[in-house]
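The structure appears below as structure tokens.
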Amino acid sequence: QVQLREFGGGEVQPGGSLRLSCTTSGIIFSINAMGWYRQAAGKQREMVAIKYTNGVSNVAGSVSSRFTVSRDNGEKTVYLQMNKLKVDDTAVYFCYVTGTDYYTYETKEFWGQGTEVTVSS
């Protein structure tokens, strides 16, 4: 059973930092990408930062100068270092993993339950 576990969310003041972690288990397929999405109240879910296994990264322009996504491939873990946080960064952050089945070539996609990040004075 595939499970994604997110850690590190919390409440911080503007300008502060948080480091999110997502550990995975039960993954038996070829991982194509790992990363993070977020969804603020009343908003659509949006991509924050994705790191592909081939080394290519996609990072949202609104956070590219402040957030860094990294992966520990051996542990199948993905991190999101968030610096200089703004009130607009307040959202539920979701871990995301996608891959390809070794035999059927089906695309697989999994999400964590989300971890709340609140940036407020």
Side-chain angles (χ1 to χ4, degrees):
Q1 182 178 7
V2 175
Q3 289 190 333
L4 309 183
R5 301 176 183 177
E6 296 127 326
F7 304 93
E11 185 173 353
V12 298
Q13 295 183 336
S17 297
L18 284 174
R19 183 176 175 84
L20 304 183
S21 301
C22 175
T23 60
T24 64
S25 63
I27 294 179
I28 310 176
F29 54 82
S30 177
I31 296 174
N32 299 135
M34 303 181 71
W36 299 88
Y37 285 68
R38 69 183 182 185
Q39 186 168 19
K43 303 284 188 177
Q44 296 290 319
R45 187 173 297 187
E46 64 177 355
M47 188 274 290
V48 178
I50 299 292
K51 195 168 188 67
Y52 292 88
T53 301
N54 65 11
V56 175
S57 296
N58 288 327
V59 184
S62 61
V63 304
S64 62
S65 65
R66 301 181 293 116
F67 292 9
T68 301
V69 62
S70 60
R71 287 172 55 178
D72 182 333
N73 293 324
E75 297 290 331
K76 293 183 172 60
T77 301
V78 63
Y79 305 92
L80 184 67
Q81 179 65 47
M82 305 185 293
N83 298 322
K84 299 179 180 179
L85 283 160
K86 303 176 180 180
V87 172
D88 288 347
D89 295 320
T90 296
V92 177
Y93 285 71
F94 296 90
C95 181
Y96 170 80
V97 177
T98 185
T100 303
D101 186 273
Y102 288 116
Y103 301 100
T104 69
Y105 302 103
E106 293 180 46
T107 297
K108 297 183 179 296
E109 189 174 85
F110 298 94
W111 299 87
Q113 288 293 307
T115 184
E116 177 74 25
V117 172
T118 302
V119 185
S120 175
S121 298

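As a basis for the values below, the full set of heavy atoms in this structure was taken, side chains included, without hydrogen atoms, waters or symmetry mates. Position 1 is the first residue of the sequence, and the numbers go up from there.
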- Using the rule that two of Ile, Leu, Val, Met, Phe, Trp, Tyr join whenever any of their side-chain heavy atoms come within less than 4.5 Å, decide whether Met47 and Val56 are in one cluster. yes
- Given the rule in the side-chain contact (heavy atoms from CB on, under 4.5 Å) test, do Leu20 and Phe67 qualify, once you have shown the distances and angles that lead to the verdict? CA-CA 11 Å; Leu20 304 183; Phe67 292 9; over 6 Å; no
- Query: Taking C-beta and beyond as the side chain, do Arg5 and Cys22 meet within less than 4.5 Å on heavy atoms?
  - Reply: no
- Query: Does some side-chain heavy atom of Thr98 sit less than 4.5 Å from a side-chain heavy atom of Thr107?
  - Reply: yes
- Would you mind reporting whether Val92 and Thr115 have side-chain heavy atoms less than 4.5 Å apart? no
- Counting heavy atoms not belonging to Gln113, are there more than 12 under 6.0 Å from its CD? no
- Any side-chain heavy-atom pair from Leu80 and Tyr93 closer than 4.5 angstrom? yes
- Please test Val2 against Thr24 for side-chain contact (heavy atoms from CB on, under 4.5 Å), starting from the C-alpha separation and ending with a verdict. CA-CA 7 Å; Val2 175; Thr24 64; over 6 Å; no
- Task: Treating Ile, Leu, Val, Met, Phe, Trp and Tyr as nodes and any side-chain heavy-atom pair under 4.5 angstrom as an edge, say whether Ile31 and Trp111 lie in one connected cluster.
- Result: no
- Verify the cluster assignment for Val69 and Met82: are they in a single hydrophobic cluster under the rule of side-chain heavy atoms below 4.5 Å apart? yes
- Query: Mind checking whether Val48 and Val59 have side chains closer than 4.5 Å, heavy atoms only?
  - Reply: no
- Check: Thr90 side chain, Val87 main-chain N or O, donor-acceptor pair, under 3.5 Å: yes
- Task: Please check if Tyr52 and Met34 belong to a single hydrophobic cluster, counting links between Ile, Leu, Val, Met, Phe, Trp and Tyr side chain heavy atoms closer than 4.5 Å.
- Result: no
- Query: Which pair of non-hydrogen atoms, one from Arg66 and one from Lys84, has the smallest distance, and what is that distance?
  - Reply: NH1-O, 3.0 Å
- Rounded to the nearest 0.5 angstrom, the OG-NZ distance for Ser25 and Lys76 is 11.0 Å
- Task: Start with the C-alpha distance between Phe7 and Thr23, add both sets of side-chain angles, then the distance that settles side-chain contact (heavy atoms from CB on, under 4.5 Å), and finish with yes or no.
- Result: CA-CA 8 Å; Phe7 304 93; Thr23 60; 3.7 Å; yes
- Message: Going by salt bridge (Lys or Arg N to Asp or Glu O under 4.0 Å), name the pairs with one or both residues in residues 30-51, residues two or more places apart or in two chains.
- Response: Arg38-Glu46, Arg38-Asp89
- Do Val119 and Gln13 have side-chain heavy atoms sitting under 4.5 Å apart? no
- Message: Less than 3.5 Å apart, any donor N or O on the side chain of Thr53 or Arg71 sitting next to an acceptor on the other?
- Response: yes
- Report yes if the distance between the aromatic ring centroids of Phe110 and Phe94 is under 6.0 Å, otherwise no. no
- So which heavy atom on Ala33 is nearest to which on Ile50, and how close? CB-CG2, 3.7 Å
- Got Val78 and Trp36 here, is their nearest side-chain heavy-atom distance under 4.5 Å? yes
- Does the side chain of Glu6 reach to within under 4.5 Å of the side chain of Cys95, using non-hydrogen atoms? yes
- Query: Do the side-chain N and O atoms of Tyr96 and Glu109 include a donor-acceptor pair separated by under 3.5 angstrom?
  - Reply: yes
- Message: Go through it in stages, so that I can follow the logic: the residues are Leu85 and Leu18, the test is side-chain contact (heavy atoms from CB on, under 4.5 Å), and I'd like the CA-CA distance, side-chain angles, deciding distance and then a yes or no.
- Response: CA-CA 8 Å; Leu85 283 160; Leu18 284 174; 4.1 Å; yes
